[in-house]
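Please read all numbers here as calculations on a predicted model, not as lab measurements. Computation of the quantities below employed the complete heavy-atom set of this structure, encompassing side-chain atoms and omitting hydrogens, waters and symmetry-equivalent molecules.
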Amino acid sequence: MTTLTHRPDTLTRDALALLQPGFHGTTAPDWLLRRIGEGLTSVGLFGRNIHTPAQLAALTAQLRAERDDILVAIDEEGGDVTRLEVREGSSFPGNYALGSVDDVELTRAVARELGSRLAACGVNLNWAPSADVNSDVNNPVIGVRSFGADPALVARHTAAYVEGLQSAGVAACTKHFPGHGDTAVDSHLALPRIDVGVDTLHARELAPFRSAITAGSKSVMSAHILLSALDPDRPATLSPRILTGLLREELGFGGLIVTDGIEMQAIASTYGIERGSVLAIAAGVDAICVGGGLADEGTVLRLRDALVDAVREGELPEERLADAAARVRALADWARRVRGASGPGAAVQEGTAPGAGTSAAGGPDIGLVAARRAVRVTGAVEPLQEAPYVASFAAVANIAVGDETPWGVAAELTALLPGTEAGTYGSGSGAAEVLAAAGERRIVAVVRDLHRHSWMASVLDGIRAARPDTAVVEMGVNHAEPAGSPHIATYGAAPVCGRAAAEVLTGRSV
């Protein structure tokens, strides 16, 4: 335990309680433990903090030794966005695959199993699910993170995901309120703007959040987007009209409101993180997520002091700070009680670690079951008999997904057809380069969001003109006209999606 030489005042403790910071390393640094002792109530984990389930369990135990009700948060959507399996790829397909199957019991079961694995490692708050309706097929940051483009479908699967996750003792954080699906700009990089009418927003964007609230979502994450019909001046994260007026009063949400990463450029480049944090709390936010990019003690102190100073200078009511801190502590208490109810054995157990291979029910892995059910095939499949050449076309991954998580079908095909060769191609590549590398081997072309990348479509057209038997695997949003012999859509790029595609291509199971 960390010994304090002095006790911070109530205002300082409340300000610390509002922060959900990240840190570097696979053990908690001394500064973080010290701040937990001073009132910090939440910690955010990222891929850099995680190597194995056992190491993660030891880390969360270290944090809990300082504060037994600590909220340990993570951004674990499954599919393309994973922190728990950042170096291996997720054991679960993401939302788009689940939405394509459209079986709410399957979605609930996947979320329950994912939650069980998080809980076994000591994580009790998940910044998921994404409840965004992906109405803009060119959206650069949501895409396969959404259950789909139909509001009713997204609503029912959002509710099922929330129920499944929380049944495992992990609080859901439904995001990105009031909806990031109709944007052509990534809020990590700039401020997106949605210019549609209030009626459209209520019928489309808000429908999944209503369902999440009805399902009992413990928290909601705000989006750094400007919705002109709701507030023409401030992005949702900083808007009292949207967070207090709409989310709290009109929709009746009583849980924790969390910001998306406050250091994202949509806020940081316009308001700065200190000013942005003060405005967010004043607008109705209860917790500030920070740490994806800024993960040091100095950032925590800057934000703490900005909140304290804002209260002392009369800019932020002390009652608003205290109310936000009370909501954080209420969720922390819920998580502690749920964990206690599950018994002291809630640690990493056989069958609950990533990749364990069985579901909570003891049957085939639920992630692979879901991935197999999501696959859609256009055209006849002539199973591969010999090792092929896999050409993967890679665009720059968005920041939420990251570029360190593996994807594709090459590894999975190699397991079935040893000797499979592979290459990765970018926007400067041409069909001749791929054809030369493939030689006489049959080509499997792997793409993500083909409709968004004209260079990719051009190269693929050249390959198919020369080699009509080229099989195409689309692992992103399946919007482009199917092309290939066959065309296989996996609705996500997690390894289980690649495995499901490889099984289709070969007629064998891995």
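Looking at Asp365 and Arg499, no side-chain N of the basic residue comes within less than 4.0 Å of a carboxylate O on the acidic one, giving no salt bridge.
Between Leu384 and Leu413, some side-chain heavy-atom pair lies under the 4.5 Å cut-off. Contact check for Asp231 versus Leu238: no side-chain heavy atoms found under the 4.5 Å cut-off. Using a 4.5 Å cut-off on side-chain heavy atoms (C-beta onward), Glu77 and Lys175 make contact.
Applying the ring pair (Phe, Tyr, Trp, His ring centres under 6.0 Å) criterion to Phe177, with sequence neighbours excluded, gives Phe209. For His487, there are no ring pair (Phe, Tyr, Trp, His ring centres under 6.0 Å) partners at least two apart in sequence or on another chain. Legend: residues meeting side-chain hydrogen bond (donor to acceptor under 3.5 Å, both in side chains) with Ser167, ordered by chain and number and at least two apart, are Arg112. By the side chain to side chain contact (heavy atoms under 4.5 Å, CB included) test, Ser269 pairs with Gln265, sequence neighbours left out. Looking at residues two or more places apart in sequence or on another chain, you find a side-chain hydrogen bond (donor to acceptor under 3.5 Å, both in side chains) between Ser228 and Asp195. For Asn49, there are no side-chain hydrogen bond (donor to acceptor under 3.5 Å, both in side chains) partners, not counting sequence neighbours. The side-chain hydrogen bond (donor to acceptor under 3.5 Å, both in side chains) test applied to Asp132 returns His176, not counting sequence neighbours.
Note on residues 456-475: no pairs pass ring pair (Phe, Tyr, Trp, His ring centres under 6.0 Å), not counting sequence neighbours. Here side chain to side chain donor-acceptor pair (under 3.5 Å) pairs that include residues 425-444, with residues two or more places apart or in two chains, are Tyr389-Tyr425, Glu421-Arg441. Within the structure, salt bridge (charged side-chain N to carboxylate O under 4.0 Å, His left out) pairs that include any residue of residues 474-487 do not occur (at least two apart or interchain). Screening residues 199-212 for side chain to side chain donor-acceptor pair (under 3.5 Å), with sequence neighbours left out, gives Asp182-Arg204, His202-Arg210.
The aromatic rings of His479 and His451 sit perpendicular to each other, their planes meeting at more than 60°, with 30° as the lower class boundary.
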Mind listing the side-chain donor-acceptor pairs of residues 101-109 below 3.5 Å, one per line with the distance, residues two or more places apart or on another chain?
unit_1	atom_1	unit_2	atom_2	d
Asp102	OD1	Arg156	NE	3.1
Asp102	OD1	Arg156	NH2	3.4
Asp102	OD1	His157	NE2	2.7
Asp102	OD2	Arg156	NH2	2.9
Asp103	OD1	Glu105	N	3.0
Asp103	OD1	Leu106	N	3.3
Asp103	OD2	Arg373	NH1	3.1
Asp103	OD2	Arg373	NH2	3.3
Glu105	OE1	Arg108	NH1	3.1
Glu105	OE2	Arg108	NH1	2.6
Thr107	OG1	His157	ND1	2.8
Arg108	NE	Glu163	OE1	3.1
Arg108	NH2	Glu163	OE1	2.7

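Between Ser458 and Asp461, the side chains place no donor N or O within less than 3.5 Å of an acceptor N or O (distance only, hydrogens not considered).
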- [ ] Before giving the answer on side-chain hydrogen bond (donor to acceptor under 3.5 Å, both in side chains), spell out for Asn134 and Ser146 the whole-Å C-alpha distance, their side-chain angles and the decisive distance to 0.1 Å.
- [x] CA-CA 6 Å; Asn134 197 55; Ser146 166; 5.3 Å; no
Task: Chi angles and distances behind the side-chain hydrogen bond (donor to acceptor under 3.5 Å, both in side chains) call for Ser485, Asp469 - done: CA-CA 5 Å; Ser485 181; Asp469 65 344; over 6 Å; no
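Other residues, nucleotides and ligands contribute at most 12 non-hydrogen atoms within 6.0 Å of the CD atom of Glu382.
In terms of modelled atom types and a separation under 3.5 Å, the side chain of Tyr96 and the main chain of Asn478 share a donor-acceptor contact.
A pairwise comparison of heavy atoms in Ala422 and Ala410 identifies CB-CB, 3.8 Å as the closest pair.
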